[in-house]
Amino acid sequence: MFKHREVYLLNIETQKFLTELENCKLCEWQCGVNRITGELGVCRISIPHVASCQLHPAPPQSYTIFMAGCNFKCLNCQNYSIAHYPDTKTVIRGYVNPKELAKESINAINSSMGQFIGADRIFFSGGEPTIHLPYIEKIVEEARKIDPETKINFDTNGFLTMKSLKRVLKFTTSITFDIKAYNDDVHKALTGAPSEPVLRNAEYIAKHARDKLWEYRILVIPGIVDVEEIKAICEFMASIDPTLPVCFLVFRPNFVLDQYMGATWKLMDKTVEIAHKTGLVRVNWSGRPNIPGYEPKDFEKLKTKVSKYYEHEWALKAAAYALKTGCKTHPRNCGICNMKHKCPIKNYIPTRIT
Ligand code: SF4
Ligand code: SF4
């Protein structure tokens, strides 16, 4: 929980660029809360907090800054310990002066290890970087004072307002963009948020900022984001432009879906086949397939309890897992949920991490 004294630890200039957080509407939840005085929105983050930073060899190779907190509550979250900060009580780095972080990032990129792995940009990830946008803009500004050519990647779940998206596109060199699901029911059941703003933003980037698009990333979860969903997402992409780059990621059991089965090799190959059939030509998959799992014994009972809220069978399956943790609002909608500050999903502790 945010402490007022934290604000006094910030210098005047810093407070100025964070003024926007006094009426926060950075993402599509548009909470309008005053994060500076300690009011919290869906993300439950006050002032920007850095979780950790490291050189990262995954393309695009970078110095990655993982920001704490997220505006989604995905059942499959791989970074749940930082995404659900501060509820997870994870030890994180905390607020870092943007000028210092900019300098540190450029030094890391230019270090012998940075050069060895081919790091050429600062990569903002999380959690969800959108909820820290003014802070990130400040880091970029400071980094480009040191080196005007500094490249930036923004890694997002796509739930930005159009205004925030346009701001991101002004400073970012590349963007990696997750599409969690196409069907609104499935998206809500999996993340707690609707799919429409994400699809709108994905389309906007494809049409207006194609040069900045690194790739769309789609996590394949058997029985939830499975062939039918993949087909819908791919048709959506192909109707905009068949040459859009798409990377399918293998689901590994995680967080609330800790006992669930991972995506198989066969399913991943099928996914690429489906994508090609819709006309997409720049498609690949990555990750570690074939991790076994099982469904809980009481699963059919759980599904019955939420069946009237979801039309889609796969949404129902995801929602049953959410219900198992204690999620009370169905269809899941964290923006209107009166448990958003005591969310049982945020407190879930997985017993298996793969
Ligand atoms: S969820 Fe979004 S709009 Fe709400 S406080 Fe967080 S960043 Fe702001
Ligand atoms: S309990 Fe409420 S805030 Fe938590 S995941 Fe469910 S809908 Fe979202």
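Whatever order the structure lists ligands and atoms in, that order sets their numbers, starting from 1. Basis for what follows: all heavy atoms, side chains included, without hydrogens, waters or symmetry-related copies.
If you check which protein heavy atom lies closest to atom 1 (S) of ligand 1, you get Cys43 N, 3.4 Å. Closest protein heavy atom to atom 8 (Fe) of ligand 1: Cys24 SG, 2.2 Å. Regarding atom 4 (Fe) of ligand 1, its nearest protein heavy-atom neighbour is Cys31 SG, 2.3 Å. Residue, atom and distance of the protein heavy atom nearest to atom 5 (S) of ligand 2 are Arg332 NH2, 3.2 Å.
Within the 4.5 Å cutoff, no side-chain heavy atoms of Phe255 are placed close to those of Tyr260.
Compare Ala322, Ala319, Cys337, Ala193 by their heavy atoms: the one nearest to atom 7 (S) of ligand 2 is in Cys337.
The Pro344 neighbourhood of ligand 2 comprises atoms 1 (S), with distances under 4.0 Å to a heavy atom of that residue. Residue Cys327 has at least one heavy-atom neighbour below 4.0 Å for each of these atoms of ligand 2: 1 (S), 5 (S), 6 (Fe), 7 (S). Those atoms of ligand 2 that come under 4.0 Å of a heavy atom in Lys340, given as number and element, are 3 (S). Ligand 1 places these atoms under 4.0 Å from at least one heavy atom of Ile131: 7 (S). Within ligand 1, the atoms closer than 4.0 Å to a non-hydrogen atom of Gln30 are 3 (S), numbered from 1 in the order shown. Interface atoms of ligand 2 facing Ile345, defined by a heavy-atom separation under 4.0 Å, are 5 (S).
In summary, Cys334 places an N/O/S atom under 2.8 Å from atom 8 (Fe) of ligand 2, meeting the contact criterion. Because the distance cut-off is set at 2.8 Å, Cys27 fails to qualify as a neighbour of atom 4 (Fe) of ligand 1, as none of its N, O or S atoms comes that close.
Not a single donor-acceptor pair under 3.5 Å links the side chain of His132 to the backbone N or O of Thr130. With Asp226 contributing its side chain and Gly223 its backbone, the two residues share a donor-acceptor pair below 3.5 Å. A donor-acceptor pair is defined here as one N or O able to donate and one able to accept, closer than 3.5 Å; no such pair exists between the side chain of Asn71 and the backbone of Val42.
Using cut-offs of 30° and 60° on the angle between ring planes, the pair Phe154 and Phe171 is perpendicular.
By the rule that hydrophobic residues join a cluster once side-chain heavy atoms approach within less than 4.5 Å of another member, Val50 and Ile109 end up as members of one cluster.
Between Tyr204 and His208, the distance separating the two ring centers is shorter than 6.0 angstrom.
Within a 6.0 Å radius of CD in Glu311, other residues, nucleotides and ligands contribute 12 heavy atoms or fewer. When the shell of 6.0 Å around CZ of Phe236 is examined, it contains more than 12 heavy atoms from other residues, nucleotides or ligands.
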